[in-house]
Amino acid sequence: DTGVSQDPRHKITKRGQNVTFRCDPISEHNRLYWYRQTLGQGPEFLTYFQNEAQLEKSRLLSDRFSAERPKGSFSTLEIQRTEQGDSAMYLCASSLGGLQTEAFFGQGTRLTVV
Amino acid sequence: GESVGLHLPTLSVQEGDNSIINCAYSNSASDYFIWYKQESGKGPQFIIDIRSNMDKRQGQRVTVLLNKTVKHLSLQIAATQPGDSAVYFCAVKASGNTPLVFGKGTRLSVIA
C-alpha cells in the first residue's frame, strides 16, 4: 500500500498526558499537512510542511501542539498536557507540491481524552 | 480568509437517481477546488478536482461544475449507488501557498 499511513489509528489517553502521532506520506510527495476533524465538521487545517520546513501554522495550533518533519519524510504531531477538547480525528495528507496538486489523506488517528 | 459554506447538510436520493451536492465559497481569489468523499471512520478520499480556468470537469459517474461569478461549486453523481453513501466535502484553495479550506460536508444517503 503506497498511500498515506498514520499511526496509531486510535489513541485513548488521560487528561494531562502527552501523545504523539506519526504520519508517513506518499513517498514522492514533498508537502505534508495536518488537519483536525471533530464530529460533524469538515477537516480544519493545523499546519503544513514543504520538505522539512514548517511553512504555516493555524491559530488552532496552540503552544501545546508541535509538529516536526525532521528528514522531510515522515512527520510527527505531539500534543502536550492533553485536554478533553483535544478529542478529535487527526488527519494527515500529502501532495506533490506546487500550487494546485491534490492532497491525499490517511485514515486518521482518533484521539479520545478521558 | 476563505470560508466554505454548505447548502444542505443531508441529502437522500433513490438508488439510480442523480445526486447534486452544492458548495459556496467566499474568496474570489480561490483557484483550485476538490471534492472529497468520507466514509465513517476513514479519511477523506479524493474524488475529483477542478481549476479556476475551467467551469466543468467530468470523471467516472461524477461531474464538477464551477461558477466563479457566484462562487458556487457543485458535484453531480450519476446513477447513484448504495456505495456512494458517505459525507461529501468540498475543499477550496486560494492562490499561493495556502492550505485547503473545507466545508462542513453533506451526508448523502442512498435509498435502495
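A, B, ... follow the sequence lines: proteins, then strands. Residue 1 opens every chain.
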| In residues 105-114 of chain A, which residues are in contact with chain B at a heavy-atom separation under 4.5 Å? |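 F105(A), G106(A), Q107(A) fall under the 4.5 Å cut-off.
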| task | Using heavy atoms and a sub-4.5 Å threshold, report which of residues 65-83 of chain A line up against chain B, by residue number. | result |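 Near chain B, by residue number: none.
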Using a cut-off of 6.0 Å, state whether more than 12 heavy atoms not belonging to [X] lie near its atom [atom1].
| X | atom1 | answer |
| --- | --- | --- |
| R15(A) | CZ | no |
| R57(B) | CZ | yes |
| E28(A) | CD | yes |
| K71(B) | NZ | yes |
| N53(B) | CG | yes |
| K11(A) | NZ | no |

Side-chain heavy atoms under 4.5 angstrom apart, residues restricted to Ile, Leu, Val, Met, Phe, Trp, Tyr: same cluster for [X] and [Y]?
| X | Y | result |
| --- | --- | --- |
| M54(B) | V64(B) | yes |
| I20(B) | L73(B) | no |
| L32(A) | F21(A) | yes |
| V13(B) | Y88(B) | yes |

| message | At a 4.5 Å cut-off on heavy atoms, which part of Q45(B) comes close to chain A: side chain, backbone, both, or neither? | response |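 For Q45(B), there is no contact with chain A at all, as no heavy atom is under 4.5 Å.
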| query | Which atom names give the shortest non-hydrogen contact between G43(B) and L91(A), and what distance separates them? | reply |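 Looks like CA-CD2, 3.9 Å.
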| field | Side chain, backbone, both or neither of L55(A) within contact of chain B (heavy atoms, under 4.5 Å) | value |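 Contact with chain B is absent: no heavy atom of L55(A) under 4.5 Å.
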| message | Please classify the contact of E44(A) with chain B as side chain, backbone, both or neither, using a heavy-atom distance under 4.5 Å. | response |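 For E44(A), neither part sits under 4.5 Å from chain B.
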| From E102(A) atom CD to Y32(B) atom OH, the distance as rounded to the nearest 0.5 Å |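 E102(A) atom CD to Y32(B) atom OH measures 4.5 Å (nearest 0.5 Å).
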| said: Just so I understand: if I count every heavy-atom pair under 4.5 Å between each of F89(B), Y36(B), F46(B), F102(B) and chain A, which residue has the most? | reply: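 Answer, by heavy-atom pair count under 4.5 Å with chain A: F102(B).
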| message | Within the 4.5 Å heavy-atom criterion, are Y33(A) and L100(B) side-chain neighbours or not? | response |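 Sidechains of L100(B) and Y33(A): no contact.
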